[in-house]
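To keep things clear, I will list the structure first and then write my remarks on it.
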Amino acid sequence: MELFNVYPLVNITPVKALGAKLWDDKGQEYLDFYGGHAVISIGHSHPHYVQRLTEQLQNIGFYSNSVQIPIQAQLAQKLGQVSGYEDYSLFLCNSGAEANENALKLASFHTGKKRVLAFKGAFHGRTSGAVAATDNPKIVAPFNSDHAISFVEYDLAAVEQVLQGGDVCAAIIEPIQGVGGIIMPSDEFLTGLAALCKQYGALLIADEVQSGYGRSGKFFAHQHAGIRPDVISVAKGMGNGFPIGGILIAPELKASYGLLGTTFGGNHLACAAALAVLEVIEQEDLLNHAAELGHYLRSELEANAGAEEIRGRGLMVGIKYDFPIKDVRDKLLSDFHIFVGNASDPTVLRLLPPLNITKAEVDRFLQALYTLIPAEARK
């Protein structure tokens with residue numbers, strides 16, 4: 001049997017990782033400025049993370065949600081404390097797509113409606129409802145295409161027009177679009193969206209799968225706008241590489257037996273990984289670090305990168321040029337051994353380094369980028 005060939009792969013085989021560095025099977029060192037799609041939040045192989053997982057595995061790694069699993073409650077308490085959502089409830093699952101799927105399902109259960117309002121450029125995952133709410137027809141199979149979805153721009157009049165139809169269960173939005181190219185709705189738009197959802201009885205779902213867990217310099221990117229969504233989806237940086245996802249649920253939404261469910265969600269190992277992440281975020285003050293170092297990175301790029309636009313907040317950064325960035329991205333990897341990301345917009349270079357990246361590592365990336373962008377283009 002062979003693997004189903006759906007991923008274009010670079011010819012690199014990482015075998016070891018620590019902090020923001022990787023080493024391949026030939027001993028070559030790489031700087032990780034992408035974190036495996038924003039998954040690596042507290043750095044590769046963080047000692048506290050390794051210890052937490054090792055100790056948990058030596059006791060019990062898994063049992064189903066048919067028994068008491070106290071570490072789930074510990075995780076919920078710690079997540080509420082660190083994120084500022086202590087009055088919300090937590091449902092645990094395995095991935096960002098599954099988190100968004102459950103968020104949409106919960107909204108539909110709660111409201112009795114089925115239409116979802118989503119936004120141009122959105123990416124919410126590849127399960128049935130999540131991929132239908134993703135603005136990329138190429139990855140939506142005919143089986144997924146019958147969901148009631150309305151896509152709009154960041155335009156409050158357009159939002160209200162859809163909501164006036166009376167059949168919308170939820171609006172789902174990324175406070176910072178990742179795959180879309182680090183696109184940010186304004187804080188004023190998010191405030192207006194929250195108000196309209198409340199006015200028309202639709203739930204507001206904040207997809208923080210990529211932008212959450214300190215990535216923006218606050219725990220959640222929507223907190224820059226001062227709003228409180230009804231449901232918040234999380235994954236990626238939540239487990240620092242261990243598969244875990246979840247939704248934070250406002251107290252107005254009530255649980256009942258069988259409403260949602262999962263086999264692997266909230267297992268002992270996943271919760272240990274997620275607790276380790278939150279503990280390191282607190283112990284190392286990574287929210288402030290991401291905010292401060294992100295400001296330094298964006299300021300340097302604005303002054304010296306010769307880009308059309310520098311986007312993002314914290315350590316979620318997009319560099320938009322007036323040319324396709326594929327060659328720059330490829331040469332950063334081949335010539336300077338630095339991993340970076342791209343976006344659905346081929347002119348945007350996407351940066352998602354671990355939250356504990358150092359200033360020296362940021363400077364290493366900057367110097368490599370400046371070497372590849374001709375001086376005349378940077379004036």
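As the structure is a computational prediction, the values presented were derived from the model and not from experiment.
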Transitively linked via ILVMFWY side-chain contacts under 4.5 Å: [X] with [Y]?
{"X": "Leu349", "Y": "Leu301", "answer": "yes"}
{"X": "Leu369", "Y": "Ile325", "answer": "yes"}
{"X": "Leu92", "Y": "Leu79", "answer": "yes"}
{"X": "Leu287", "Y": "Leu275", "answer": "yes"}
{"X": "Val159", "Y": "Val168", "answer": "yes"}

Show the nearest heavy-atom pair for residues [X] and [Y], with the distance to one decimal.
{"X": "Gly180", "Y": "Ala343", "result": "C-CB, 4.4 Å"}
{"X": "Gly314", "Y": "Val317", "result": "O-CG2, 3.6 Å"}
{"X": "Pro243", "Y": "Ala270", "result": "O-CB, 4.0 Å"}
{"X": "Leu351", "Y": "Pro353", "result": "C-CD, 3.6 Å"}
{"X": "Ala132", "Y": "Phe151", "result": "O-CZ, 3.4 Å"}

Any chance you could measure [X], atom [atom1], to [Y], atom [atom2], to the nearest 0.5 Å?
{"X": "Arg350", "Y": "Asp345", "atom1": "CZ", "atom2": "CG", "result": "11.0 Å"}
{"X": "Leu355", "Y": "Leu286", "atom1": "CG", "atom2": "CG", "result": "5.5 Å"}
{"X": "Leu352", "Y": "Leu315", "atom1": "CG", "atom2": "CG", "result": "9.0 Å"}
{"X": "Leu196", "Y": "Glu160", "atom1": "CG", "atom2": "CD", "result": "5.0 Å"}
{"X": "Glu98", "Y": "Phe264", "atom1": "CD", "atom2": "CZ", "result": "10.5 Å"}
{"X": "Ile227", "Y": "Phe189", "atom1": "CD1", "atom2": "CZ", "result": "10.0 Å"}

Between [X] and [Y] (side chain of the first, backbone of the second, donor and acceptor by atom type, cut-off under 3.5 Å), is there such a pair?
{"X": "Gln177", "Y": "Lys120", "answer": "yes"}
{"X": "Gln72", "Y": "Gly266", "answer": "yes"}
{"X": "Tyr200", "Y": "Val162", "answer": "no"}
{"X": "Arg311", "Y": "Gly181", "answer": "yes"}
{"X": "Ser108", "Y": "Lys113", "answer": "yes"}
{"X": "Tyr321", "Y": "Ala305", "answer": "yes"}
{"X": "Glu101", "Y": "Ala130", "answer": "yes"}
{"X": "Lys218", "Y": "Arg215", "answer": "no"}
{"X": "Ser64", "Y": "Thr263", "answer": "no"}
{"X": "Thr134", "Y": "Phe123", "answer": "no"}

Can you confirm whether the side chains of [X] and [Y] place a donor and an acceptor under 3.5 Å from each other?
{"X": "Glu284", "Y": "His289", "answer": "no"}
{"X": "Thr13", "Y": "Asp24", "answer": "no"}
{"X": "Asp187", "Y": "His224", "answer": "no"}
{"X": "Gln51", "Y": "Glu55", "answer": "yes"}
{"X": "Tyr213", "Y": "Asn240", "answer": "no"}

So, using salt bridge (Lys or Arg N to Asp or Glu O under 4.0 Å) as the criterion, who are the partners of [X] when residues are at least two apart?
{"X": "Asp155", "result": "none"}
{"X": "Lys78", "result": "Glu282"}
{"X": "Lys331", "result": "none"}

> Is there a side-chain hydrogen bond (donor to acceptor under 3.5 Å, both in side chains) between Thr191 and Glu188 once you walk through the steps?
Replying inline: CA-CA 5 Å; Thr191 302; Glu188 293 75 19; over 6 Å; no
Between [X] and [Y] (salt bridge meaning N to carboxylate O under 4.0 Å), is one present in this structure?
{"X": "Lys16", "Y": "Asp32", "answer": "no"}
{"X": "Glu292", "Y": "Arg298", "answer": "no"}
{"X": "Asp167", "Y": "Arg115", "answer": "yes"}

>> I'd like to know whether Glu208 forms a side-chain hydrogen bond (donor to acceptor under 3.5 Å, both in side chains) with Ser211, so could you lay out the CA-CA distance, the side-chain angles of the two residues, the decisive distance to 0.1 Å, and finally the verdict.
In response: CA-CA 5 Å; Glu208 293 273 9; Ser211 57; 2.6 Å; yes
> Which is it for Phe33 and Leu332 under the side-chain contact (heavy atoms from CB on, under 4.5 Å) test, yes or no, and what are the steps along the way?
Replying inline: CA-CA 10 Å; Phe33 234 73; Leu332 281 169; over 6 Å; no
>> For Glu279, give me all partners under side chain to side chain donor-acceptor pair (under 3.5 Å), at least two apart in sequence or on another chain.
In response: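 Glu279 satisfies side chain to side chain donor-acceptor pair (under 3.5 Å) with His48, Arg52 once adjacent residues are dropped.
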> After noting the C-alpha distance and the side-chain angles of Arg364 and Leu31, does the key distance pass the side-chain contact (heavy atoms from CB on, under 4.5 Å) rule?
Replying inline: CA-CA 9 Å; Arg364 175 180 163 187; Leu31 176 61; 3.8 Å; yes
> Which is it for Phe91 and Leu248 under the side-chain contact (heavy atoms from CB on, under 4.5 Å) test, yes or no, and what are the steps along the way?
Replying inline: CA-CA 7 Å; Phe91 174 78; Leu248 284 67; over 6 Å; no
> Hey, what's the ring geometry for Tyr30 with Phe339, parallel, tilted or perpendicular (30° and 60° as the breaks)?
Replying inline: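 Aromatic pair Tyr30/Phe339 classed tilted.
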Is [Y] close to [X] at the side-chain level, that is, under 4.5 Å between some pair of heavy atoms?
{"X": "Glu174", "Y": "Gln210", "value": "no"}
{"X": "Trp23", "Y": "Pro14", "value": "no"}
{"X": "Val234", "Y": "Ile244", "value": "no"}
{"X": "Phe219", "Y": "Tyr85", "value": "no"}

>> Quick one, Tyr296 with Asp363, criterion side-chain hydrogen bond (donor to acceptor under 3.5 Å, both in side chains). Give me CA distance, side-chain angles, the key distance, then yes/no.
In response: CA-CA 10 Å; Tyr296 170 74; Asp363 287 338; 2.5 Å; yes
> Are Tyr63 and His268 close enough, and set up right, to give a side-chain contact (heavy atoms from CB on, under 4.5 Å), and what steps lead you there?
Replying inline: CA-CA 7 Å; Tyr63 204 75; His268 299 75; 4.1 Å; yes
> For the side-chain contact (heavy atoms from CB on, under 4.5 Å) test, which of Val131, Asp207, Ile247, Val231 pairs with Asn100?
Replying inline: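 For Asn100, the side-chain contact (heavy atoms from CB on, under 4.5 Å) check succeeds only for Asp207.
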>> Applying side-chain contact (heavy atoms from CB on, under 4.5 Å), can you list everything that pairs with Leu104, at least two apart in sequence or on another chain?
In response: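 Partners of Leu104 under the side-chain contact (heavy atoms from CB on, under 4.5 Å) test: Val116, Ile172, Ile205.
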> Considering residues at least two apart in sequence or located in another chain, which fulfil the side-chain contact (heavy atoms from CB on, under 4.5 Å) criterion with Ala97?
Replying inline: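 Checked Ala97 against side-chain contact (heavy atoms from CB on, under 4.5 Å); matches are Ser95, Thr127.
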